[in-house]
Amino acid sequence: MLDLLHTTKTHDETRQGEAVELAPTGKADGRKLYIESYGCQMNFSDSEIVASILIDQGYETTKDYKQADVVFINTCSIRENAEQRVRNRLKEFEAVKAKNPGLVVGVLGCMAERLKSKFLEEEKLVDVVVGPDAYRDLPNLINKVEDGNKAVNVLLSREETYADISPVRLNSNGVSAFISIMRGCDNMCSFCVVPFTRGRERSRDYASIVKEAQDLYNAGYREVTLLGQNVDSYKYTPKVEEGNDPLPTVNFANLLELVAQVSPELRIRFSTSHPKDITDEVLYTMAKYENICKYIHLPVQSGNSRVLELMNRTYDRQWYMGRVDAIKRIMPDCAISTDIITGFCTETEEEHAETLSMMDYVKYDFAYMFAYSERPGTLAAKRYQDDIPEEIKKRRLTEVVNKQQIHSLERITQYVGKVHKVLIEGFSKRSDKDYCGRNDQNTMVVFPVDARFKVGDYVHVLGESCTSATLIGKIID
Ligand code: SF4
C-alpha cells in the first residue's frame, strides 16, 4: 500500500524531482527523452517502465531538459503544493519550448487526471497528459502531438500490470532495484487519493516477477524491493486453458518464498504492508529465509481506534498491537517503521495521547510523521471538516517527532557492539573513504573502505558508535 506518503527508499522517502539518464541503446533515432520524477518509489518505478517503452521506440535519454525532444514530469499528488510545484516547473519548460517549438511536454502519473483540463486546455502548459495505466499508449500519443494535436489518456485499467515490460534501471547503483508486483489500491483510507489516481488493485503474474528478480541477480544486483500499495494483498491466479485443472493462487507469502529462492545471495525487501492484511504466514516465511530482510514498514497512522475508523483503516488499536506482538514473537530481531498523521479531523488530545502511547508500545525504528493536510478528492475532504487548528496539529507533530527521535536512538544504540551483515551499496555521502550500506533491519551503516571489498559485496561490520539515523562501524571479515 502506498500509505499516505509513499515516499521511501521503500515507500516513503520522497525524492524530489530527480532527472534520470539512461545508457544509450544504440538504436536511437536522435530523439532525446527527459523524465523528472516526484514522489513515491512506485512513481520512480513507473518512470523506468516509461523509459523502457520509449527506448524500444528508439529514444535515448538525457539529464538536461534543454537538450530534450520530449520532456515528462511524473507527478505525485500527495505532497502539499504539489500542483504549484509542477506548474512552476512547466513554466521553465515553456521557456525552452519558446525556442524549440517541436519540444513535446507531458505530465504523467497521479496528477494527470486531476490536472488534465487545467494544464492542457486552460493554461496550455503541456501537450500530452498520461495516467499511470496508459504508458503503453505513449508512442501513439507523442505521434498525435507531433501531428499537431493535444493528446490525453488517463483511463485507469483493471488489468494493466506492465508484467511483460522489463524496466530500464534508472540512476541505479547496480546493486539494489525495485520490482513492482502490483498496481492500484482497493482500500479507501479516507485521507488518501491513491485509489482515485491509481485505480483498482491488480497483481502482476508471479512468474514475471520471479524472472525479473532472476535477471537482476544475473546482472549483478544483490537486493530487490518488492513494491506495491498493499503488498500483503498480493494474489495471482495463473490463467489456464479451458478444460485444464485450475492452478493454485499465489499469495504474498508464496511470492516472497519464490523470490527468496532465486538465490540466498539476493536480499529481499518489500513495501508497503497493511496492518489488516499482514499474515502470520508472511511472518513465518520471512523468518524462514535468511535473505528476506527483517524489516517491516507497518503504517499505524493513529494509535486511537475512533480516529482509525474515521480514517477507514479497517483495523483498531488492539488489532494493530496484536500484529506487532506477532512480528516480535516470530522475529524478535525485526525492525518496524511506520507512518503517523497528527491532527486528523476531530482528533482530541486524549486520542493524540494514544498515538504517543502506541509509539511507546512498539518502539519504532523509524517513522514518517506528518500533520494532517486535506487532499482534494479524498473521502475525508468530502465527509469531514479539517477542524484541528494548524498550531495544534504542529504541536502534536512536534511531540510525535521528539518521541520518535528518542526511540530511534534507543533502537540503533542496541546495534552498537553487534556484528551486522551489510550489503555495500556505494560510498558514503560524506566521504569516499567510507562505504555505506544497510543491515538486515534497514539501518544505514557507514564504515571505512577496505580494498578487499567492492560495491555489491556483503561484509560483516561491527557497530562501534551511532547517531539516531546511522550506525558507524568497521569491517571485521
Ligand atoms: S488507500 Fe490506504 S492502503 Fe491504499 S494507498 Fe492509500 S493509504 Fe495506502
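The residues of the chain are indexed from 1 along the displayed sequence. When a ligand or atom number is given, it counts from 1 through the structure's own listing order. Computed from a prediction, not measured in an experiment: that's the story for all the values here.
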Checklist line | Side-chain ion pair, Glu410 and Lys363, N-O less than 4.0 Å | finding: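 Salt bridge between Glu410 and Lys363, a charged N being under 4.0 Å from a carboxylate O: yes.
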Notebook entry, point to check: Would you say Cys189 has an N, O or S atom lying under 2.8 Å from atom 2 (Fe) of ligand 1?
Noted result: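 It does; at least one qualifying atom falls short of 2.8 Å.
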Next item on the list: Flag Cys192 as yes if one of its N/O/S atoms falls below 2.8 Å of atom 4 (Fe) of ligand 1, otherwise no.
Entry: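 It does not: Cys192 brings no N, O or S atom closer than 2.8 Å to atom 4 (Fe) of ligand 1.
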Proximal atoms of ligand 1 relative to [X] (non-hydrogen, under 4.0 Å):
X      : answer
Val194 : 5 (S)
Pro195 : 1 (S)
Cys185 : 1 (S), 3 (S), 4 (Fe), 5 (S)

Checklist line | Side-chain donor-acceptor contact under 3.5 Å, Asn304 with His352 | finding: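 No, no side-chain donor-acceptor pair sits under 3.5 Å.
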Next item on the list: Give me the one residue out of Arg158, Arg198, Arg202 that meets salt bridge (charged side-chain N to carboxylate O under 4.0 Å, His left out) with Asp133.
Entry: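 Among Arg158, Arg198, Arg202, the one that satisfies the salt bridge (charged side-chain N to carboxylate O under 4.0 Å, His left out) with Asp133 is Arg202.
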Margin query: If we set the cut-off at 4.0 Å for heavy atoms, which region of Pro299 has an atom near ligand 1: side chain, backbone, both, or neither?
Written below: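 Pro299 to ligand 1: no contact under 4.0 Å from either part.
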Checklist line | Value rounded to 0.5 Å, distance of CD1 in Ile53 from CD in Glu48 | finding: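 Rounded to the nearest 0.5 Å, the CD1-CD separation comes to 12.5 Å.
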Check: Is it true that the NZ or CZ of Lys382 lies under 6.0 Å from the centre of Phe196's six-membered ring and within 45 degrees of the ring axis?
Finding: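 Yes, cation above the ring, under 6.0 Å and within 45°.
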